[in-house]
Student: 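Structure incoming, see below.
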Protein chains: 2
Amino acid sequence: MIIIGEKINGAIPSVAEAIQKRDAEFIKNLAKSQADAGASFIDVCASTDVSVEMETMAWLIDIVQNATDTPIAVDSPNAEICVEAIKLCNKPGLVNSVSMEGNKIELVFPAIADTKWECAALLCDDTGIPKSGEQRLKVFSDIMVKAKEYNIAPSQLHIDPLVEMLCTAEDGINTVLAVIREIKAQYPDIHVTGGASNISFNLPVRKFVNQAFLVLSMGAGMDSAIINPLHKHMMGLIYATEALMGMDEYCMEYINGYREGLYGPVK
Amino acid sequence: MIIIGEKINGAIPSVAEAIQKRDAEFIKNLAKSQADAGASFIDVCASTDVSVEMETMAWLIDIVQNATDTPIAVDSPNAEICVEAIKLCNKPGLVNSVSMEGNKIELVFPAIADTKWECAALLCDDTGIPKSGEQRLKVFSDIMVKAKEYNIAPSQLHIDPLVEMLCTAEDGINTVLAVIREIKAQYPDIHVTGGASNISFNLPVRKFVNQAFLVLSMGAGMDSAIINPLHKHMMGLIYATEALMGMDEYCMEYINGYREGLYGPVK
């Protein structure tokens, strides 16, 4: 499973405060702890006013890449910021994210073409998030046309089918699961990603919904997730799900994950 | 989800002790607490020497049906004991279990034909647990021939595909998931059941494997499980999974389950 560690995000109050105070130690610890917990990428999202976003991003990236070798996911709703941030990283990471909205793809895809950078791509366009599975697959197909045009390999892409909150969904996540299955059937090498917390908005004990969502989505083919790798129960379920899906011979990863304290106590 | 509460089983040391001492209060509490936690059936398994099994079963059934209105799952490896136990129950319950082994079906099916009794049926025969999915589906098909012969409706049956322990499985649970999907495709009204703890034998933090197993199996169509309904994390994941699968309109069951304290704190 590709884990995109979500904790360095200015939308989180403690991180906003650290950004405000330029508390490098706080950010460094967040980077290091997520890397140690098994994150594949450390997401870096300033979530500041646009006037200071690039400067904040640069400060964050500098701290993170001095704290850990784990690659960075440069995260901004602004594709121009993402493209500038790419230049600051000392190794290929992940752009979070593009979609068929505006000219995001036209800005980002050329910047990562012929590199090892990966890119999250959301299944939405200028009309918002499509309702039906067919419409989302149409957006997906549009993204893949662009990917081909700019020579981006399917394996560089993390498609986010965008789940809506469960409390108002009419058919649970069945549509999203069908979309995931279809995407993986069309492009076995592509990654499917997603956040695991929007789904539970407005529901009690959100962790149960988030956890069951992630396991079901992995069952359908999701192999990347934007989550908190320090959440041991979630990580334990991820390791267990991979083993159950036959992706972990003799459960060695599951057993090693335990020994390394990734989801259980260190022995 | 049909929950078969597993806690009254003489294989559990505290229950064996209660049976030995004829501690009715202990058994009564186990029955009541599982019923209150949302069990659909209270499993009753003596796990004693065969010479005292029927007498023990009778004692347990008497206590359980005086403690709760929740129907009983009469549980014995001995089909003759199951058939006798049926006669002691004051309402239809579930026989746990038959298989294609020996003459179990020939004993049990006539006893529940034209009644509302349900029956768990394991996908094994006199040769043991078949290795391949095809072989299990052959056993399933043999069971369904018998069911038709004795006029047992698919909706009376809980098919247990029998999972092996994950640590030695070659392909995770993919074979079992495919068998579940095929069974539900052939008979949409049939139930698919299973225990959720054998799977994790010999692995660390077994709860993660058990929980992920149950969520993945529910995703494939499992709608019945032999578990401990007092395990709140497992129950929370079950409620969440049903909501995610579109089986719980507006998450009302999930929200009510929370309000009733079935998986979260009572408000």
Side-chain angles (χ1 to χ4, degrees), chain A residues 163 165-177 181 199-220 232-252 254-259 261-265 267, chain B residues 163 165-177 181 199-220 232-252 254-259 261-265 267:
Chain A
V163 287
M165 50 189 176
L166 183 63
C167 60
T168 54
E170 274 180 26
D171 190 29
I173 57 165
N174 290 325
T175 296
V176 165
L177 295 180
R181 284 192 199 98
I199 184 80
S200 59
F201 186 76
N202 237 355
L203 289 173
V205 206
R206 296 180 60 171
K207 67 179 177 184
F208 292 140
V209 178
N210 299 344
Q211 289 168 10
F213 165 72
L214 205 63
V215 175
L216 285 174
S217 299
M218 287 176 73
K232 292 200 170 191
H233 205 108
M234 184 68 104
M235 290 296 276
L237 288 173
I238 288 173
Y239 275 84
T241 301
E242 291 203 312
L244 288 161
M245 289 176 68
M247 298 159 71
D248 176 8
E249 207 171 4
Y250 301 116
C251 303
M252 287 315 296
Y254 184 78
I255 292 165
N256 286 336
Y258 173 72
R259 289 190 179 141
L262 298 185
Y263 60 83
K267 276 197 168 174
Chain B
V163 288
M165 49 188 178
L166 183 62
C167 60
T168 54
E170 273 179 27
D171 189 31
I173 58 165
N174 290 326
T175 296
V176 165
L177 295 180
R181 284 192 198 97
I199 184 79
S200 60
F201 185 75
N202 238 355
L203 289 172
V205 207
R206 296 180 61 172
K207 66 180 177 184
F208 292 140
V209 178
N210 299 344
Q211 289 168 9
F213 165 72
L214 206 64
V215 174
L216 285 174
S217 299
M218 288 176 71
K232 291 198 171 190
H233 206 108
M234 185 68 105
M235 290 297 277
L237 288 174
I238 289 173
Y239 275 84
T241 301
E242 292 203 310
L244 288 160
M245 291 178 66
M247 296 160 72
D248 177 8
E249 207 172 4
Y250 301 116
C251 303
M252 287 316 295
Y254 184 78
I255 293 165
N256 286 335
Y258 174 72
R259 289 190 178 141
L262 297 185
Y263 60 83
K267 277 198 168 174

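Protein chains get the first letters and strands the later ones, always in sequence-line order, with residue 1 at the start of each.
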Student: Select, from A/Gly172, A/Ser200, A/Pro204, A/Ala220, the one with the greatest count of heavy-atom pairs under 4.5 Å involving chain B.
Tutor: A/Pro204
Student: Kindly compute the distance separating CG (A/Leu237) from NZ (B/Lys207), expressed to the nearest 0.5 Å.
Tutor: 9.0 Å
Student: Would you give the length of the straight line joining atom CD of A/Glu170 to atom OH of B/Tyr250, rounded to the nearest 0.5 angstrom?
Tutor: 6.0 Å
Student: Output the option from B/Gly257, B/Ala169, B/Cys251 having the highest count of non-hydrogen pairs under 4.5 Å with chain A.
Tutor: B/Cys251
Student: Between A/Leu262 and A/Met235, which heavy-atom pair has the shortest distance, and what is it?
Tutor: O-CB, 4.0 Å
Student: Between A/Met245, A/His233, A/Met218, which has the largest tally of heavy atom pairs under 4.5 Å with chain B?
Tutor: A/His233
Student: Side chain, backbone, both or neither: which part of A/Ile199 has a non-hydrogen atom closer than 4.5 Å to chain B?
Tutor: side chain
Student: Is any side-chain heavy atom of A/Leu166 closer than 4.5 Å to a side-chain heavy atom of B/Tyr254?
Tutor: no
Student: Determine the option with the most heavy-atom pairs under 4.5 angstrom with chain B, choosing from A/Ala240, A/Ala212, A/Ala243.
Tutor: A/Ala212
Student: Taking the six-membered ring for Trp and the single ring otherwise, decide whether the centroids of A/Tyr263 and B/Phe208 are under 6.0 Å apart.
Tutor: yes
